[in-house]
Amino acid sequence: MPELPEVETTLKGISPYIDQQKIKNINIYNPNMRWPVDPHLSNHLLNKSLLSIIRRGKYLILTFDNGYLLLHLGMSGSLRVVDPSISPEKHDHFEIIFNNNKALRLRDPRRFGAVVWTEKPWQQHKLIKHLGPEPLSEEFTAAYLHKKSRKKTVCIKTFIMNSQVVVGVGNIYASESLYLAGIRPTINAGRISLKRYESLVAAIKQVLAEAIKQGGTTLRDFSSPEGKPGYFAQKLQVYGRAGEACYQCDNLIKQKTIANRATYYCTNCQH
DNA sequence: ATCGCCTCCTGCGCGC
DNA sequence: TGCGCGCAGGAGGCGA
């Protein structure tokens with residue numbers, strides 16, 4: 001479900017309720033996430049205060065004085081802050097209850113998400129260590145992408161969706177960014193000029209920033225922790241628009257599967 | 001090393 | 001209405 005803008009929206013939604021709060025209880029309703037949730041999580045976290053919560057790529061990182069909790073929402077995960085007296089539902093797998101009587105509850109029907117405890121610095125964790133730069137940071141430049149892509153034979157869409165190249169560009173925003181940059185998703189990353197990477201980097205930053213501003217994209221069921229939908233779906237140019245007219249040239253939007261993922265583009269506007 | 005494909009899992013919408 | 005099928009916003013891990 002969530003790409004970077006949705007995770008950012010989630011972070012903003014939950015942070016005011018839980019930051020600096022002390023943990024009163026932990027409930028693991030179903031430990032069978034991507035990896036089994038540590039059954040001893042309570043031993044680490046009871047009576048610990050949440051010192052900070054940040055986002056890195058699509059991970060949320062909760063800092064405590066004895067370690068870090070890494071949360072990932074996978075394809076269908078969401079986080080809500082609720083009153084703990086409200087009964088958990090079928091797909092609520094995990095929750096942290098704080099002293100202020102707020103429960104941070106993880107719902108994830110497909111269970112591709114993850115709850116991972118680590119005691120070493122989070123930057124060194126194997127899930128985080130190899131992540132590429134944040135797309136909205138100054139490190140993410142055309143020069144970086146150009147250099148990184150030399151001799152690469154993967155197509156550009158697969159390349160920008162690789163979190164070791166850049167984090168947070170998922171299937172929706174990859175199609176959208178390539179459309180905005182006028183680049184066809186199928187061409188080899190290694191054959192794209194620096195000049196075209198300038199357009200692509202600008203497009204990625206623009207698309208993600210706008211999506212964050214709109215509170216993310218609600219396609220089926222994404223909503224912010226307050227229950228509000230994201231409004232970026234109304235701004236999608238190509239994603240999900242197969243067979244419909246391109247907004248720039250009236251050509252029909254083409255859909256093609258690339259690396260097992262639906263990809264949308266305009267054969268007239270993207271070369 | 002690099003790349004492409006498969007996989008984990010449930011729910012939903014569509015066509016018959 | 002009911003059923004089966006294909007598809008869904010991620011990404012680790014495997015085999016070639």
Side-chain angles (χ1 to χ4, degrees), chain A residues 1-10 29-37 55-60 70-79 89-94 106-116 125-132 135 148-178 185-191 204 207-208 211-212 214-224 229-243 255-264:
Chain A
M1 179 207 301
E3 300 187 34
L4 187 147
E6 291 73 34
V7 180
E8 184 68 22
T9 299
T10 297
Y29 299 112
N30 183 352
N32 303 312
M33 302 290 289
R34 174 148 204 169
W35 301 283
V37 179
R55 179 189 60 73
R56 174 75 175 97
K58 295 171 192 167
Y59 288 90
L60 290 172
L70 313 181
L71 301 180
H72 195 287
L73 300 177
M75 286 277 257
S76 58
S78 60
L79 286 165
E89 293 182 23
K90 188 177 177 185
H91 298 296
D92 292 337
H93 308 312
F94 171 76
L106 173 66
R107 179 175 300 181
D108 187 1
R110 293 174 76 179
R111 288 187 274 116
F112 292 170
V115 177
V116 177
H125 193 275
K126 65 170 182 175
L127 293 171
I128 307 280
K129 196 165 46 175
H130 301 292
L131 293 180
K148 186 102 177 162
S149 62
R150 291 312 87 182
K151 296 180 183 170
K152 288 283 194 297
T153 57
V154 284
C155 69
I156 185 61
K157 190 206 177 208
T158 306
F159 185 68
I160 59 172
M161 285 181 68
N162 180 347
S163 63
Q164 298 195 18
V165 173
V166 55
V167 296
V169 182
N171 203 38
I172 297 178
Y173 302 117
S175 281
E176 292 298 308
S177 302
L178 287 164
T186 50
I187 63 180
N188 285 356
R191 294 215 210 112
I204 290 171
V207 165
L208 292 178
I212 290 170
Q214 298 291 327
T217 300
T218 297
L219 288 184
R220 275 161 286 277
D221 56 357
F222 172 76
S223 68
S224 74
Y231 294 101
F232 194 73
Q234 296 159 27
K235 304 220 167 183
L236 295 176
Q237 302 294 300
V238 287
Y239 187 87
R241 298 194 62 241
Q255 177 176 350
K256 181 187 171 80
T257 299
I258 296 176
N260 284 333
R261 310 300 297 277
T263 307
Y264 303 87

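Below, read A as the first sequence line, B as the second, and so on, with proteins coming before strands; counting in each chain starts at 1. Hydrogens, waters and symmetry mates are skipped; everything else that's a heavy atom, side chains included, is used.
Residues of residues 149-158 of chain A having a heavy atom closer than 4.0 Å to DNA chain B, listed by number: A/Lys152, A/Thr153, A/Val154. Within residues 107-116 of chain A, the residues having any heavy atom under 4.0 Å from DNA chain C are, by residue number, A/Arg110, A/Phe112.
Among pairs with a residue in residues 162-171 of chain A, those fulfilling side chain to side chain donor-acceptor pair (under 3.5 Å) read A/Lys157-A/Asn171, at least two apart in sequence or across chains.
On the P atoms, C/dG6 is 15 Å away from B/dC6, given to the nearest whole Å. Separating the P atom of B/dC5 from that of C/dC7 is a span of 16 Å, rounded to the nearest Å.
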Legend entry - Evaluation steps, side-chain hydrogen bond (donor to acceptor under 3.5 Å, both in side chains), between A/Ser76 and A/Asp108: CA-CA 5 Å; A/Ser76 58; A/Asp108 187 1; 2.5 Å; yes

Legend entry - Worked verdict on A/Arg56 versus A/Leu70 for side-chain contact (heavy atoms from CB on, under 4.5 Å): CA-CA 10 Å; A/Arg56 174 75 175 97; A/Leu70 313 181; over 6 Å; no

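Counting only heavy atoms from C-beta outward, the side chains of A/Leu73 and A/Glu6 never approach each other to under 4.5 Å. With contacts defined as side-chain heavy-atom distances shorter than 4.5 Å, the pair A/Tyr59/A/Leu131 qualifies. In this structure the side chain of A/Met33 reaches within 4.5 angstrom of the side chain of A/Leu106, judged on heavy atoms. A 4.5 Å side-chain heavy-atom check between A/Leu60 and A/Val7 finds at least one atom pair inside the cut-off. Looking at heavy atoms from C-beta onward, A/Thr10 lies in side-chain contact with A/Phe222 at the 4.5 angstrom threshold. Put simply, the side chain of A/Glu176 reaches to within 4.5 Å of the side chain of A/Val238, judged on heavy atoms. Looking at heavy atoms from C-beta onward, A/Lys235 lies in side-chain contact with A/Gln214 at the 4.5 angstrom threshold. Annotation: side chain of A/Arg241 is not in contact with side chain of A/Leu236 (no heavy-atom distance under 4.5 Å).
With values rounded to the nearest 0.5 angstrom, A/Ile160 atom CD1 is found 4.5 Å from A/Ile204 atom CD1.
Taking both residues in full, the closest heavy atoms of A/Met161 and A/Ala174 are given as CG-CB, 3.6 Å, listed atom of the first, atom of the second, then distance. Closest heavy-atom contact between A/Gly132 and A/Val167: O-CG1, 3.5 Å.
In DNA chain C, the stems built from three or more successive Watson-Crick or G-U pairs (distances below 3.5 Å) are B:2-8 with C:10-16, B:10-16 with C:2-8.
You can see that DNA chain B meets the heavy atoms of chain A within a 4.0 Å-exclusive cut from B/dC3 to B/dG11, reading 5' to 3'.
In this structure, the CG atom of A/Asn171 is 5 Å from the P atom of C/dG9, given to the nearest Å. A/Gln255 has its CD atom 15 Å from the P atom of C/dG6, to the nearest Å. One interatomic measurement links the two molecules: CD1 of A/Ile258 to P of C/dG9, which rounds to 13 Å at whole-angstrom precision.
Centroid-to-centroid, the aromatic rings of A/Phe232 and A/Tyr173 come within less than 6.0 Å.
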For nucleotides 11-16 of chain C, give me every protein contact, N/O to N/O, under 3.5 Å, one pair per line with atom names.
unit_1: C/dA11; atom_1: OP1; unit_2: A/His72; atom_2: NE2; d: 2.5
unit_1: C/dA11; atom_1: OP2; unit_2: A/Lys58; atom_2: NZ; d: 2.8
unit_1: C/dG12; atom_1: OP1; unit_2: A/Tyr59; atom_2: OH; d: 3.3
unit_1: C/dG12; atom_1: O4'; unit_2: A/Arg34; atom_2: NH2; d: 2.7

